[in-house]
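Here's the structure, in structure tokens; my notes come after.
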Amino acid sequence: MSKEITSRSTDYSQWYNDLVIKGELADYSAVRGCMVIKPYGFALWENMRDVLDKMFKDTGHVNAYFPLFVPKSLFEAEEKNAEGFAKECAIVTHYRLQADPDRPGKLMVDPTAKLEEELVVRPTSEAIIWSTYKNWIQSYRDLPILVNQWANVVRWEMRTRLFLRTAEFLWQEGHTAHATRQEALDETVKMLHVYADFVENYMAVPVIKGIKTPQERFAGAEDTYCIEALMQDGKALQAGTSHFLGQNFAKAFEVKFSDRDNKLDYVWATSWGVSTRLIGALVMAHSDDDGLVLPPRIAPLQVVIVPIYKGDEQKAAIDACVQTLVQSLKSMGIRVKYDDNDNARPGWKFAEYEMKGVPLRLAIGARDLENKVVELARRDTREKSTVPLEGLAVRIQQLLEEIQQQLFSKALAYRNEHITPVDTWDQFVSMLDTKGGFMAAHWDGTSETEEAIKEKTKATIRCIPLDNKQEAGHCILTGKPSAQRVLFARAY
RNA sequence: CGGGAGGUAGUUCAGCCCGGUAGAAUACCUGGUUUGGGACCAGGGGGUCGCAGGUUCGAAUCCUGUCCUCCCGACCA
């Protein structure tokens, strides 16, 4: 039919696009590199956002909102940060349009409405936020500041991909200010763990927690911590980052505080973020050639019920039975939909909800009603079974939990199988090409070698895992001594 | 930004080479029969052919420009 999906083996990229478009997560838009997030995709984002937001609040953070625009002079204050983002900034230079005298009915930029100072559309908000924190902080009593903002940002990427890299995307960015280096470091690591907790336990995507090399570090950070996930095509995806910013932004924006001994010092900072890119990770981690597979804890719909009937009489009997079931499911907090739309037949609905990744599907017909059973189908395993109506709601609740665990276990097994220790250059190259995934390899610790490896293989160091095992060895490229293995992969 | 492909009905596409007033499937609307894996019959509506210029008696078709998308590459906290 018109909704066929390209298989992963035929064309992985096209498969991904098909899922996003045909699964109705998002659409292309009239704006280069920008997508429309459709209601189903946005419902998914809302679920993710709500869980994360609660986690942030449970760890003492509060939400605020800062402007979309950053005056250029503020933006350039922290030089490394500005330099890192300069190539992908959208700039507002004018504030008015006027009728175009040469083209009736058309508009042109009013050349007299040029801004004194250009405004940068935020690619990240450190600058505007730290220029504000300057006014909020005078004493150690004003610290810490633990603020998060849910916002959109713009990065003018050369090549975009739905969810994975769009010119505009939604995210949250935490920006915290602390009195001591240690406190800021603790916060950086704490939020990394929050992210890992969320991605693993709600999205069912296993991640490796680690530190970026200087080469891959956030512009303006002293250290960048990250969580790295593995996709089904063997490429890695950076799923979230948490940055220890040191005193860089405090110095750039002159944010000082008096400590207990009345000595002035610069404030210590962190920032951390995850974005709608996580949806891309989710899609690529679990889905199959029949469509999306969504983990129950964040699936917009957890259960769909499809009636099968001949005539109004049967329909009415099924309605009555389903109504009770729906009520008990809803009372347990389960997101359920009874799809009794008469325009689509059962087979069509089955295919549709499989495409959309609904974890559980119930089919109930007159035959089932007589036997007091329903047909229960799992999206993840495609298993179908006939189960009694008696105690169904509880069983569904358990099953959703089981599916959640199963998805994680499966993804974890795949991920673990794809961390390959390699000891020679030939092995490194051939495993990258044939198997993919992470290569655990020795590296001499220099940016030059890292760059050379990237140039030769397109593989980058995804991270140095936290609590990494120390082990003497030799760099796979240069043969120089190395104290530990780091994780290389080709990445999105 | 470089290379390749593409934009025609809501959607997927044919028509373009060789200019002559726009087509299929599907979706949609109406009525009926249906309903346990993407139903069937009958009738019906829907497109200034991405946009802007140009050539021509005449442009979906030829030419120029421009916008948007996809794939590969470069770039990318």
Side-chain angles (χ1 to χ4, degrees), chain A residues 1-6 11-14 16-18 20-22 24 27-35 78 80-89 102-103 105-106 122-126 153 155-162 164-167 169 171 173 212-221 223-226 238-245 271-275 277 290-291 306-312 314-315 318 340-355 361-369 373-375 377 382 384 386 454-455 458 460 491-492:
Chain A
M1 295 285 290
S2 63
K3 280 216 169 178
E4 261 167 38
I5 296 171
T6 307
D11 185 341
Y12 190 86
S13 296
Q14 192 55 50
Y16 174 78
N17 288 334
D18 282 356
V20 172
I21 301 292
K22 292 175 182 172
E24 299 189 324
D27 244 338
Y28 296 114
S29 75
V31 190
R32 173 202 271 284
C34 297
M35 64 179 174
E78 208 297 322
K80 278 188 184 148
N81 185 250
E83 203 184 302
F85 284 102
K87 287 171 298 189
E88 46 191 284
C89 285
D102 299 329
R103 299 180 309 150
K106 306 289 183 187
R122 63 180 167 212
T124 181
S125 301
E126 277 80 2
V153 288
R155 294 180 188 178
W156 215 262
E157 302 285 357
M158 285 300 184
R159 189 174 162 200
T160 58
R161 304 196 64 185
L162 294 165
L164 296 174
R165 181 171 290 111
T166 46
F169 56 91
W171 77 345
E173 46 183 328
K212 289 290 188 192
T213 61
Q215 187 93 352
E216 300 279 325
R217 199 177 277 160
F218 176 74
D223 256 319
T224 289
Y225 291 71
C226 63
Q238 178 175 298
T241 47
S242 184
H243 313 292
F244 171 62
L245 302 175
S271 71
W272 27 274
V274 294
S275 71
R277 179 180 232 204
D290 295 314
V306 177
I308 298 161
Y309 54 90
K310 300 185 211 291
D312 292 344
Q314 287 190 1
K315 173 71 170 25
I318 293 168
D340 65 343
N341 174 10
D342 195 45
N343 293 328
R345 289 157 40 104
W348 190 90
K349 292 176 185 171
F350 293 171
E352 183 66 13
Y353 290 110
E354 273 159 21
M355 168 91 69
R361 181 186 75 231
L362 302 182
I364 179 161
R367 205 165 72 199
D368 302 311
L369 229 45
V373 295
V374 298
E375 182 191 79
R382 306 297 303 265
K384 283 201 268 196
T386 303
K454 182 181 178 183
E455 205 129 299
K458 289 176 200 149
T460 50
Y492 278 99

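A, B, ... follow the sequence lines: proteins, then strands. Residue 1 opens every chain.
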Test item: side-chain donor near acceptor, A:Thr124 and A:Glu126, under 3.5 Å = yes
Please identify each residue that fulfils side chain to side chain contact (heavy atoms under 4.5 Å, CB included) with A:Lys454, with sequence neighbours left out.
-> A:Glu451, A:Thr460
Considering residues at least two apart in sequence or located in another chain, which fulfil the salt bridge (Lys or Arg N to Asp or Glu O under 4.0 Å) criterion with A:Asp368?
-> none
Expected rows: protein N/O vs nucleotides 74-76 of chain B N/O, under 3.5 Å:
unit_1, atom_1, unit_2, atom_2, d
B:rC76, O2, A:Arg165, NE, 2.6
B:rC76, O2, A:Arg165, NH1, 3.3
B:rC76, O2, A:Arg165, NH2, 2.5
B:rC76, N3, A:Arg165, NH2, 3.4

Quick one: label A:Gly33 by what it contacts on the DNA or RNA (base, sugar-phosphate, nothing), any heavy atom closer than 4.0 Å.
-> sugar-phosphate
Residues that A:Glu354 engages under salt bridge (Lys or Arg N to Asp or Glu O under 4.0 Å), provided they are two or more places apart | A:Arg361, A:Arg382
Side chains of A:Val153 and A:Glu173 in contact at under 4.5 Å (non-hydrogen atoms) | yes
Roughly how many Å is it from CZ in A:Arg345 to C1' in B:rG36, rounded to a whole number?
-> 10 Å
Base, sugar-phosphate, or nothing: which does A:Asp342 touch, judged by heavy atoms less than 4.0 Å apart?
-> base
Extract from the structure each pairing of a protein N or O with an N or O of nucleotides 2-9 of chain B at less than 3.5 Å, listing the distance.
none

Given the P atoms of B:rA9 and B:rU55, what is the spacing between them in whole Å?
-> 28 Å
Tell me what A:Glu354 touches on the nucleic acid: a base, only sugar-phosphate, or nothing, going by heavy atoms under 4.0 Å.
-> base
Base, sugar-phosphate, or nothing for A:Thr224, non-hydrogen atoms under 4.0 angstrom?
-> nothing
Any strand, both distances under 3.5 Å, Watson-Crick or G-U wobble: B:rC28 pairs with B:rG44
Is there a side-chain polar atom (N or O) of A:Asn343 under 4.0 Å from OP1 or OP2 of B:rC29?
-> no
Taken to the nearest whole Å, CG/A:Asp27 to C1'/B:rU12 is 14 Å
Report the nucleotide, chosen from B:rG36, B:rG38, B:rC71, that has the shortest atom-to-atom distance to any side-chain atom of A:Asp368.
-> B:rG36
Compare side-chain N and O positions of A:Tyr28 against OP1 and OP2 of B:rC70 and report whether any pair is under 4.0 Å apart.
-> yes
Using a cut-off of 4.0 Å on non-hydrogen atoms, how would the nucleic acid contact of A:Trp156 be classed: base, sugar-phosphate, or nothing?
-> nothing
Rounded P spacing from B:rC17 to B:rG50 in Å = 15 Å
With a non-hydrogen cut-off below 4.0 angstrom, is A:Phe244 in contact with a base, only sugar-phosphate, or nothing?
-> nothing
Answer with base, sugar-phosphate or nothing: what part of the nucleic acid does A:Val306 contact at a heavy-atom distance below 4.0 Å?
-> nothing
Look for any protein N or O under 3.5 Å of an N or O in nucleotides 40-42 of chain B and output each such pair with its distance, or none.
none

Is any side-chain N or O of A:Thr160 closer than 4.0 Å to OP1 or OP2 of B:rU69?
-> no
To the nearest Å, how far apart are A:Lys22 NZ and B:rU26 P?
-> 17 Å
Rounding to a whole Å, what distance do you find between A:Arg32:CZ and B:rU66:P?
-> 13 Å
Whole-angstrom distance between B:rG6 and B:rU12, as gauged at atom C1' | 13 Å
